[in-house]
Amino acid sequence: MYNWSCYNPSSFILVGIPGLEKFHIWIGIPFCVIYVVAIVGNCILLYLITVEHSLHEPMFFFLSMLATTDLVLSTATVPKLLSNLWVGSKEITFSGCLTQMFFLHFSFVVDSAILMAMAFDRYVAICFPLRYTTILTPQVIIKLVVSIVVRSFSVILPDVFLLKRLPFCRTRIIPHTYCEHIGVAQLSSADISINIWYGFAVPLMTVLSDVIFIAVSYAFILHSVFHLSSQGARQKALSTCGSHICVILMLYIPAFFSILAHRFGHTVPRNMLILFANLYVAVPPALNPVVYGVKTKQIRDKFILLFSLKKTK
């Protein structure tokens with residue numbers, strides 16, 4: 001039997017990056033810069049999409065969702081990381097830990113689903129250009145958004161209750177800079193097999209289904225593109241997918257590498273795994289608006305126009 005306090009711990013201690021304590025201040029500087037870039041870049045992106053009527057298209061609506069999710073992901077993790085590294089604020093409440101864990105995993109699943117929706121958007125735009133506006137109507141977009149949020153919420157919410165049922169009497173020291181499901185569950189002395197199976201299998205299968213859908217969409221896209229008669233038309237069609245493919249690679253490759261490293265990389269130093277995990281949640285939100293700003297002509301032109309107008313004033 002466990003005491004009631006074991007099921008409702010007041011707080012946990014986030015260790016930070018063990019073995020690199022004397023470098024914590026210096027490690028925090030690039031993460032701070034990356035966080036500022038993420039906040040500024042995604043806010044500018046959201047502003048441009050909101051005020052520019054020419055950007056009120058399904059692709060840019062999904063992009064605004066991606067920017068919002070990136071803001072949630074980076075804000076859920078990086079500020080606490082910086083307070084840990086710079087001022088030694090290692091304590092986090094139990095409710096705060098559950099909240100951080102929920103938004104961390106929720107953001108990743110939403111990001112994955114948004115990329116799947118964007119792949120569908122590119123598929124319709126390239127394979128059925130004349131029916132684009134009749135297929136992706138506002139009603140269809142709303143249904144897609146609702147399904148993305150509901151699915152992601154339904155997949156991640158059980159993680160919260162799976163953690164709340166566990167007793168934490170043995171230790172409350174988390175060898176990390178943020179709370180994630182399996183890492184917190186491993187602190188419990190109770191059986192966590194259901195946490196491991198659900199926390200690993202269900203989100204992984206959800207994301208894998210997104211990856212398969214994206215791969216199938218791009219197979220159809222490539223089939224249509226290579227049947228175009230004009231070389232210029234092929235290049236134009238593929239160029240509209242470039243930024244999307246870059247963002248896909250930035251999300252999935254580090255995610256799967258991180259999963260494999262934690263599962264099988266027992267020889268990799270713990271501090272390196274933690275450092276990489278923090279880069280994974282900090283860097284993509286900062287790079288996504290840069291990628292779309294550079295590779296998407298409409299956004300690039302509006303961005304240049306915005307700052308040129310400010311200079312003339």
Side-chain angles (χ1 to χ4, degrees), residues 37-75 107-152 210 213-214 217-218 220-221 224-225 233 235-252 284-310:
V37 171
I39 296 297
V40 173
N42 284 292
C43 286
I44 291 175
L45 198 58
L46 287 171
Y47 173 77
L48 290 175
I49 293 172
T50 302
V51 301
E52 293 295 337
H53 184 72
S54 62
L55 299 180
H56 292 176
E57 299 177 4
M59 181 180 76
F60 297 110
F61 180 76
F62 291 131
L63 182 55
S64 68
M65 282 188 65
L66 187 69
T68 303
T69 309
D70 283 343
L71 286 172
V72 172
L73 174 61
S74 55
T75 303
S107 298
F108 176 73
V109 176
V110 170
D111 267 355
S112 178
I114 293 171
L115 292 179
M116 178 183 66
M118 293 173 82
F120 177 67
D121 171 86
R122 292 298 85 203
Y123 163 70
V124 175
I126 293 174
C127 298
F128 305 99
L130 300 179
R131 297 173 55 196
Y132 181 76
T133 54
T134 58
I135 294 175
L136 287 174
T137 62
Q139 293 78 14
V140 171
I141 299 299
I142 291 172
K143 289 178 182 178
L144 281 172
V145 171
V146 171
S147 63
I148 286 171
V149 174
V150 170
R151 188 195 74 159
S152 303
D210 295 342
F213 188 92
I214 291 170
S217 297
Y218 270 99
F220 283 115
I221 288 171
S224 297
V225 167
Q235 289 180 347
K236 184 178 179 181
L238 289 174
S239 67
T240 63
C241 301
S243 52
H244 183 234
I245 292 172
C246 289
V247 172
I248 288 172
L249 295 176
M250 287 191 299
L251 178 73
Y252 289 127
L287 289 183
N288 288 348
V290 175
V291 168
Y292 272 98
V294 171
K295 286 188 168 289
T296 308
K297 185 178 185 302
Q298 298 100 309
I299 295 176
R300 185 172 65 248
D301 291 345
K302 296 302 179 184
F303 180 82
I304 294 171
L305 180 62
L306 173 67
F307 280 89
S308 63
L309 287 174
K310 285 187 176 182

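A quick note: this is a predicted structure, and the numbers were derived from the prediction, not measured.
By the 4.5 Å heavy-atom criterion applied to side chains, Val149 and Val110 are not counted as neighbours. Taking the side chain as every heavy atom from C-beta outward, Val140 and Ile135 never approach each other to under 4.5 Å. Val109 places none of its side-chain heavy atoms less than 4.5 Å from the side chain of Ile148. Residues Leu251 and Pro284 fail the side-chain proximity criterion, which asks for heavy atoms closer than 4.5 Å.
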Steps toward side chain to side chain contact (heavy atoms under 4.5 Å, CB included) verdict (Val247, Leu287): CA-CA 8 Å; Val247 172; Leu287 289 183; over 6 Å; no
Would you please test Ile141 and Phe62 for side chain to side chain contact (heavy atoms under 4.5 Å, CB included) and show each step? CA-CA 9 Å; Ile141 299 299; Phe62 291 131; 3.8 Å; yes
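Residue pairs that meet the salt bridge (Lys or Arg N to Asp or Glu O under 4.0 Å) test with at least one member in residues 40-69, sequence neighbours left out, are Glu52-Lys302. Listed by first then second residue, pairs satisfying salt bridge (Lys or Arg N to Asp or Glu O under 4.0 Å) with a partner in residues 130-151 read Arg151-Asp210, not counting sequence neighbours.
Remark: Tyr292 OH to Leu48 CG distance equals 15.0 Å, nearest 0.5 Å. Taking CD1 of Ile114 as the start and CE of Met116 as the end, the distance is 10.0 Å to the nearest 0.5 Å. Here CD1 of Ile142 is found 7.5 Å from CZ of Phe61. Values are rounded to the nearest 0.5 Å.
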Quick one: side chains of residues 118-125, donor-acceptor pairs under 3.5 Å with protein atoms, not counting sequence neighbours, listed by atom name and distance.
unit_1 : atom_1 : unit_2 : atom_2 : d
Asp121 : OD1    : Tyr132 : OH     : 2.4

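With sequence neighbours left out, the side-chain contact (heavy atoms from CB on, under 4.5 Å) criterion links Pro289 to Asn42, Leu45. Remark: Asp70 engages Asn288 in a side-chain hydrogen bond (donor to acceptor under 3.5 Å, both in side chains) (not counting sequence neighbours). Under the side-chain contact (heavy atoms from CB on, under 4.5 Å) criterion, Ser107 pairs with Thr69, Val72, Leu73, not counting sequence neighbours. Listed by chain and residue number, Leu115, Ile214, Tyr218, His244, Tyr252 satisfy the side-chain contact (heavy atoms from CB on, under 4.5 Å) test with Ile248 (two or more places apart in sequence, or in another chain). Residues meeting the side-chain hydrogen bond (donor to acceptor under 3.5 Å, both in side chains) test with Tyr47, sequence neighbours left out: none. Thr68 is linked by a side-chain hydrogen bond (donor to acceptor under 3.5 Å, both in side chains) to nothing, counting only residues two or more places apart in sequence or in another chain. Residues passing the side-chain contact (heavy atoms from CB on, under 4.5 Å) test with Leu249, sequence neighbours excluded: Ile245, Ile253.
A donor-acceptor contact shorter than 3.5 Å links the side chain of Ser217 to the backbone of Phe213.
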